[in-house]
Undergrad: 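A single structure is presented below for examination.
All values derive from a computational prediction rather than experimental measurement.
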Amino acid sequence: MIEVTNLTVGYGKKSLSPVLKNLSCSIPAEKISVLVGPNGSGKSTLLKTICGFLPVWNGSVQLDGKLLSDYALSERAKKIAYLSQSRRLPEITVRSLVLHGRFPYTHFPRHYTKEDCAVADSALSAMGLDSIAEKKLSCLSGGQQQKVFLAMALAQQTSVLVLDEPLTFLDIRQQLELLHLLKKLCAQGKTILLVVHDLHTALTFADKLIVMSGGEVISEGTPALIAEKGTIDTVFGIHTEKISLPKGENLYTFSTELV
């Protein structure tokens, strides 16, 4: 469980305008929580703060009942794995990058054990990357690179997985495969928090939806509750329509709201 209480965060000095303002929300354990909101609403800033990469101006972030600031850096890295939107592309092989996920478990100089290598190989297999493990990252497509970074996050073996727009660069089949994998990881006990821009995916995939706008949480709850309240329409200025399918599933369509 991650509990965010009255959080105020920004970049630089506290005298500057904050990005997040008295924000509160909770991320339930062993569930998939999805952040949605217009561009610039503070989603990435919230993820970075939850992972401990940005200092808290006011308020608090608690992980498993303990203040995030009370965790040692190495201890926190064994709890939360983070995949950012943009990343530098080192000139190394796929396997070498995935092994970077084992850093919290090693000491300088880096010496990987048989267990580290086995965990990395398992992560490669989970992402379907075995056949390209010895290729250089620079030789891969954008979608393949994204999957490699995801494998690195899996190799970190944390209880919490935080992903900022992980569907970027993936084609529709790869997106569906990733969503299936995240569901599987959640069933195995992982807590997953991610940003998704596709609203239909967010509404049909999430266990919990957190809607942000202007650095604040506007609403949080089950996707069905959020859709029924009309929060999506209000925040995005659109019209949402739910279509119930024969098998009990829901299909969501969106159109520009006419003023």
Side-chain angles (χ1 to χ4, degrees), residues 1-10 18-54 56-68 79-83 85 159-167 179 182-183 185-187 189-242 249-250 252 254 257:
M1 164 73 80
I2 298 172
E3 197 70 39
V4 179
T5 307
N6 297 328
L7 186 69
T8 299
V9 172
V19 177
L20 307 179
K21 309 153 193 171
N22 297 317
L23 181 151
S24 296
C25 66
S26 61
I27 313 300
E30 300 182 17
K31 299 290 183 182
I32 296 175
S33 298
V34 175
L35 281 177
V36 298
N39 291 339
S41 58
K43 302 184 295 296
S44 294
T45 299
L46 178 56
L47 294 191
K48 291 174 185 176
T49 307
I50 285 174
C51 293
F53 300 136
L54 290 175
V56 173
W57 289 6
N58 288 298
S60 65
V61 177
Q62 288 192 336
L63 172 61
D64 295 333
K66 179 179 175 180
L67 283 174
L68 193 66
K79 288 276 190 179
I80 304 177
Y82 171 68
L83 184 66
Q85 283 186 51
S159 58
V160 180
L161 193 56
V162 177
L163 309 171
D164 197 349
E165 299 185 41
L167 302 181
L179 293 174
L182 293 179
K183 283 284 190 184
L185 291 171
C186 184
K190 281 195 185 290
T191 299
I192 298 173
L193 172 64
L194 68 158
V195 171
V196 170
H197 272 297
D198 182 78
L199 291 175
H200 180 264
T201 297
L203 286 165
T204 55
F205 172 69
D207 294 312
K208 180 173 184 177
L209 206 60
I210 301 172
V211 184
M212 293 184 64
S213 181
E216 301 176 356
V217 168
I218 304 303
S219 187
E220 58 181 318
T222 64
L225 176 63
I226 297 295
E228 289 171 8
K229 289 172 62 177
T231 307
I232 296 292
D233 292 19
T234 301
V235 168
F236 287 92
I238 58 174
H239 173 68
T240 304
E241 184 175 351
K242 182 178 75 172
E249 299 174 338
N250 294 321
Y252 292 91
F254 310 94
E257 186 177 32

Undergrad: Side chains of I50 and V160: closer than 4.5 Å at any heavy-atom pair?
TA: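 The answer is no; the side chains never approach within 4.5 Å.
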
Undergrad: Answer yes or no: is there a side-chain heavy-atom contact under 4.5 Å between T45 and L54?
TA: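 Yes; the side chains approach each other to less than 4.5 Å.
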
Undergrad: To check you understand the geometry: which heavy-atom pair defines the closest contact between Y252 and K242, and what is its length?
TA: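 Closest approach of Y252 to K242: OH-CD, 3.6 Å.
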
Undergrad: Which pairs of donor and acceptor atoms, one on a side chain in residues 34-44, lie under 3.5 Å apart (sequence neighbours left out)?
TA:
{"residue": "S41", "atom": "OG", "partner": "P38", "partner atom": "O", "Å": "2.8"}
{"residue": "S41", "atom": "OG", "partner": "K43", "partner atom": "NZ", "Å": "3.4"}
{"residue": "K43", "atom": "NZ", "partner": "G37", "partner atom": "O", "Å": "2.9"}
{"residue": "K43", "atom": "NZ", "partner": "P38", "partner atom": "O", "Å": "3.2"}
{"residue": "S44", "atom": "OG", "partner": "Q85", "partner atom": "NE2", "Å": "2.7"}
{"residue": "S44", "atom": "OG", "partner": "D164", "partner atom": "OD2", "Å": "2.6"}

Undergrad: Using modelled atom types and a 3.5 Å cut-off, is there a donor and acceptor pairing between side-chain atoms of T8 and backbone atoms of K21?
TA: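 Checked: no pair found.
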
Undergrad: Which pair of heavy atoms, one from L194 and one from P166, lies closest together, and at what distance?
TA: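 Nearest pair, atom of L194 first, then P166: CD1-CG, 3.8 Å.
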
Undergrad: Looking only at heavy atoms, what is the nearest atom pair of L203 and A227, with distance?
TA: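 L203 and A227 have their closest heavy atoms at CD2-CB, 4.3 Å.
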
Undergrad: About how many Å separate CG of L23 and CE of M212, when rounded to the nearest 0.5 Å?
TA: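 Between atom CE of M212 and atom CG of L23 there are 5.0 Å.
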
Undergrad: Do I218 and T231 come close enough that some side-chain heavy atom pair is under 4.5 Å?
TA: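 Answer yes - side chains close enough.
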
Undergrad: Quick check: Y82 with F53 (ring centres under 6.0 Å apart)?
TA: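 Yes, the ring of F53 comes within the 6.0 Å limit of the ring of Y82, centre to centre.
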
Undergrad: Using 0.5 Å steps for rounding, measure from the CD1 atom of I2 to the CD1 atom of I80.
TA: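 I2 atom CD1 to I80 atom CD1 measures 5.0 Å (nearest 0.5 Å).
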
Undergrad: Give the intermediate values and the outcome of side-chain contact (heavy atoms from CB on, under 4.5 Å) for residues W57 and L20.
TA: CA-CA 10 Å; W57 289 6; L20 307 179; over 6 Å; no

Undergrad: Please determine if K183 forms a cation-pi arrangement with F205, meaning its NZ or CZ atom is less than 6.0 Å from the six-membered ring centre and no more than 45° off the ring axis.
TA: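 Yes; both conditions hold, so K183 lies above the ring face of F205.
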
Undergrad: Enumerate the residue pairs fulfilling side chain to side chain donor-acceptor pair (under 3.5 Å) with a member in residues 208-218, sequence neighbours excluded, ordered by first and then second residue.
TA: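 Only S26-K208, K208-E220 qualify under side chain to side chain donor-acceptor pair (under 3.5 Å).
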
Undergrad: State, yes or no, whether a side-chain contact exists between T222 and L209 at a heavy-atom distance under 4.5 Å.
TA: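 Side-chain contact under 4.5 Å: no.
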
Undergrad: Would you compute the distance between atom CG of L161 and atom CD1 of I192 and round it to the nearest 0.5 angstrom?
TA: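 Those atoms lie 5.5 Å apart.
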
Undergrad: Flag the pair I232 / I238 as yes when at least one side-chain heavy-atom distance between them is below 4.5 Å, and no otherwise.
TA: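 In short, these two side chains touch, coming nearer than 4.5 Å.
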
Undergrad: To the nearest 0.5 Å, what is the distance between OG1 on T191 and NZ on K31?
TA: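 Nearest 0.5 Å value for the OG1-NZ distance: 10.0 Å.
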
Undergrad: Do L7 and V56 come within less than 4.5 Å of each other through their side chains, counting heavy atoms only?
TA: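 With C-beta onward as the side chain, the pair touches.
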
Undergrad: Indicate the atoms forming the closest heavy-atom contact of A202 with V196, along with that distance.
TA: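 Distance-wise, the nearest heavy atoms are N-CG1, 4.2 Å.
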
Undergrad: Looking only at non-hydrogen atoms, find the nearest pair between E30 and G189 and report the distance.
TA: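 Where E30 meets G189 most closely, the heavy atoms are CG-O, 3.3 Å.
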
Undergrad: Can you tell me how far CG of N22 sits from CG of N6, rounded to the nearest 0.5 angstrom?
TA: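 Between N6 CG and N22 CG, I get 6.0 Å after rounding to 0.5 Å.
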
Undergrad: Please round to the nearest 0.5 Å and tell me the distance separating atom CG of L185 and atom CD1 of I32.
TA: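 Between atom CG of L185 and atom CD1 of I32 there are 8.5 Å.
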
Undergrad: Does any part of the side chain of L47, heavy atoms only, come nearer than 4.5 Å to the side chain of L193, both counted from C-beta?
TA: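 The answer is yes; the side chains approach within 4.5 Å.
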
Undergrad: Checking I27 against I210 for the side-chain contact (heavy atoms from CB on, under 4.5 Å) test, could you report, in this order, the C-alpha distance in whole Å, the side-chain angles of both residues, the deciding distance, and whether it holds?
TA: CA-CA 9 Å; I27 313 300; I210 301 172; 3.5 Å; yes

Undergrad: Quick one, L167 with D198, criterion side-chain contact (heavy atoms from CB on, under 4.5 Å). Give me CA distance, side-chain angles, the key distance, then yes/no.
TA: CA-CA 9 Å; L167 302 181; D198 182 78; 5.7 Å; no

Undergrad: Looking only at non-hydrogen atoms, find the nearest pair between L68 and C51 and report the distance.
TA: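 Looking at all heavy atoms of both residues, the shortest contact is CD2-C, 4.1 Å.
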
Undergrad: Can L83 and V162 be said to form a side-chain contact (heavy atoms from CB on, under 4.5 Å), step by step?
TA: CA-CA 6 Å; L83 184 66; V162 177; over 6 Å; no

Undergrad: Do S159 and K79 have side-chain atoms, one donor and one acceptor, less than 3.5 Å apart?
TA: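 Their side chains do not contain a donor-acceptor pair, so the 3.5 Å distance test is not met.
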
Undergrad: Quick check: do V9 and V19 have side-chain heavy atoms less than 4.5 Å from each other?
TA: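 A side-chain contact under 4.5 Å is absent here.
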
